[in-house]
2 protein chains.
Amino acid sequence: MEYSIQQIARAAGTTSRTLRHYDGIGLVRPSRIGGNGYRYYDDRALVRLQRVLLLRELGLGLDAIGEVLEAQDAQARGGEHPAAAEARVLHSHLDLLLRERGRIDAQIGSVERTIAALARAADGSPGETDGQEDLMSENMFDGFDHTRYREEVERRWGANAYASSDRWWRSLGDAGRAEWRASMEQLGRDWIAAAESGADPAAPVGQELARRHVEWLRGIPGTPAHGAGGDLAGYVLGLAEMYVADERFAENYGGAAGAGFVRDALRAYAERELAA
Amino acid sequence: MEYSIQQIARAAGTTSRTLRHYDGIGLVRPSRIGGNGYRYYDDRALVRLQRVLLLRELGLGLDAIGEVLEAQDAQARGGEHPAAAEARVLHSHLDLLLRERGRIDAQIGSVERTIAALARAADGSPGETDGQEDLMSENMFDGFDHTRYREEVERRWGANAYASSDRWWRSLGDAGRAEWRASMEQLGRDWIAAAESGADPAAPVGQELARRHVEWLRGIPGTPAHGAGGDLAGYVLGLAEMYVADERFAENYGGAAGAGFVRDALRAYAERELAA
DNA sequence: TTTGACCTTGACGTAACGTCAAGATCTAGC
DNA sequence: GCTAGATCTTGACGTTACGTCAAGGTCAAA
């Protein structure tokens, strides 16, 4: 069978423009070109086109699709097994999709929180648009003045981590900031209580607190915990060490002993749940 | 304070190119332009820039951001309350994000199934690349020959619904197709058993089956149930009616009585769980 | 005055086509 | 054979939010 460009487009559920595009980039070439310049396709081309469209529906880019199909064609010429190549490409694509979902989840959370903050602001609570000065001079989320450690923050977490967190913190409004601090302090109190109870950091109590702690960290834009793709496990482990080493942090968890408990619990949690 | 373009870029955690872009599209204009053509920004511009960057981190497009900021500026001129405009934009954006996540979830599922199918194919099970003819001539997923109802499928579910489902079905391979049919038949048997038990379609047994049924439908590319964004509730309700009205479907559920049970259960489920 | 650092506009590239535009060709009916 | 309408061609712009040169002016310190 031989199809005109419209016919094969209809057969595959796409458009002639797409076919011309695929011809242009060499992804699906016509089997024959008429003396009038018309493109004609045969069944082999149709099968190839079907595979392209299927992989496209999985979200692969056209160049990745080309790679898969090339492996398919190189099969007889001693290349790697085509299914292996396809699986390899799909695995890395799956990885990308998972990171993408993490990013979207984080955005959804941020948007929801922002909407809630706007609703609270509309309810009353005056003094919302003032006080734009020196907001970062207050103790932010880990118990010390970030403006004084701006350089350290930027060196540790990247150049715009500080700016990003700062924007977010300013956007919260007074009510939101109070709420955030309250949640932080509640978490701190719960950590202290758990540490004083003498429980094993790896026991469920500690692990549940560790989960809450990581969730709480994820809510801070500008850190590797926000969204996805960063080295979450490494970030958490680094913070855990910092809690112990730096007394400014340790204070929040009842001193060195409490911070040690937090560190051990986070370590165990990261090993179990965040292993890359 | 007055900043040069680099200074304001560093202060906000972005680049000078971005500032030039925002000037070009009129989103953030410099407060002053020097005789040498240099752009200079003041604190008001910095605040505006911060808001732009914050909203951008939430995933809004630059034009949507412009809309929000315009409402902010129109505040004194009798426009709607700026926070209301922002909430409106954020709500529709949230909607978009949720649909996007649904799409990604569906892609993740498809990719995972495809990888699993490739692994099975590599394990052995010959005859994988042949039999490309007339695959759709078999009873596909709802018990009748789709090639014979192609036009109806296209009219009901859109022009490339058929092509999309067809591609997916071909891609499954013999093992995958057998598996899929088995899952369909298992679902049918469970429906029949539930119907014969005389239970209330709205009772947990029926509702759990309805949930499984909808999940199963979501796995079929080309239907409104796949991914997200389509009228899932309307689609499910339409199918439910069809199961009763069309005996080709009804057979799968033990005849008219069983199909009626399925319909009622799906109706109740759609009302509870899929209400838009 | 030199030398970097910083500034400008202009323009191409990105992903995957959609959407005209202008013109050539095919097909069917008269 | 002629004409209308369907179909085909290449060419080029538009889409998003900038990154990345390129070529050339400006500024501040030495």
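Here is how names work: the chains are called A, B, and so on, in the same order as the sequence lines, proteins then strands, and each is numbered from 1. Side chains are part of it too, since the values below use all heavy atoms of this structure and drop only hydrogens, waters and symmetry mates.
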Would you say a side-chain N or O of [X] is under 4.0 Å from OP1 or OP2 of [N]?
{"X": "A:Thr18", "N": "C:dG18", "result": "yes"}
{"X": "B:Gln6", "N": "C:dA5", "result": "no"}
{"X": "B:Thr15", "N": "D:dC18", "result": "no"}
{"X": "B:Arg20", "N": "C:dC7", "result": "no"}

### Query
Which part of the nucleic acid, if any, lies within reach of A:Ile25 when heavy atoms closer than 4.0 Å are counted: base, sugar-phosphate only, or nothing?
nothing
Return the value, rounded to whole Å, for the distance between atom [atom1] of [X] and atom [atom2] of [N].
{"X": "B:Tyr22", "N": "D:dT16", "atom1": "OH", "atom2": "P", "result": "14 Å"}
{"X": "B:His21", "N": "C:dG10", "atom1": "NE2", "atom2": "C1'", "result": "15 Å"}
{"X": "A:Gln7", "N": "D:dA6", "atom1": "CD", "atom2": "P", "result": "16 Å"}
{"X": "A:Asp63", "N": "C:dA16", "atom1": "CG", "atom2": "C1'", "result": "11 Å"}
{"X": "B:Leu96", "N": "D:dT16", "atom1": "CG", "atom2": "P", "result": "13 Å"}
{"X": "B:Ile8", "N": "C:dC7", "atom1": "CD1", "atom2": "P", "result": "12 Å"}
{"X": "B:Asp23", "N": "C:dG10", "atom1": "CG", "atom2": "P", "result": "13 Å"}
{"X": "A:Arg17", "N": "D:dT15", "atom1": "CZ", "atom2": "C1'", "result": "13 Å"}

### Task
Decide, yes or no, whether a salt bridge links A:Arg51 with A:Glu86 under the criterion of side-chain N to carboxylate O below 4.0 Å.
yes
### Message
For A:Glu67, is there an ion pair with A:Arg88 - N to carboxylate O distance below 4.0 angstrom?
### Response
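Yes, charged N to carboxylate O under 4.0 Å.
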### Message
I'd like to know if the side chain of A:His93 reaches the main chain of A:Leu58, judged simply by a donor and an acceptor atom lying under 3.5 Å from each other, with no hydrogens or angles considered.
### Response
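Such a contact is found between A:His93 side chain and A:Leu58 backbone.
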### Message
For the backbone of A:Ala45 and the side chain of A:Asp42, can you confirm whether one donor and one acceptor N or O come within less than 3.5 Å of each other?
### Response
yes
### Query
Among the nucleotides C:dC17, D:dT9, C:dC6, which one has an atom lying closest to any side-chain atom of A:Leu62?
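Taking heavy atoms from C-beta onward, the closest nucleotide is C:dC17.
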### Query
When you check the side-chain N and O atoms of B:Ser164 and A:Glu57, is any donor under 3.5 Å from an acceptor?
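Yes.
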### Message
Ignoring hydrogens, what is the shortest heavy-atom contact between B:Arg218 and B:Leu232? Give both atom names and the distance.
### Response
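Smallest heavy-atom distance, with atoms named: NH1-CD2, 3.1 Å.
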### Query
If you pin A:Ser16 and B:Gly61 to their nearest nucleotides in DNA chain D, which one's is more 5'?
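Nearest-nucleotide comparison on DNA chain D picks A:Ser16.
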### Task
Using heavy atoms and a sub-4.0 Å distance, could you list which residues of residues 33-43 of chain A are near DNA chain D? By number, please.
A:Gly37, A:Tyr38, A:Arg39
### Task
Classify the angle between the aromatic ring planes of A:Trp168 and A:Trp180 as parallel (below 30°), tilted (30 to 60°) or perpendicular (above 60°).
perpendicular
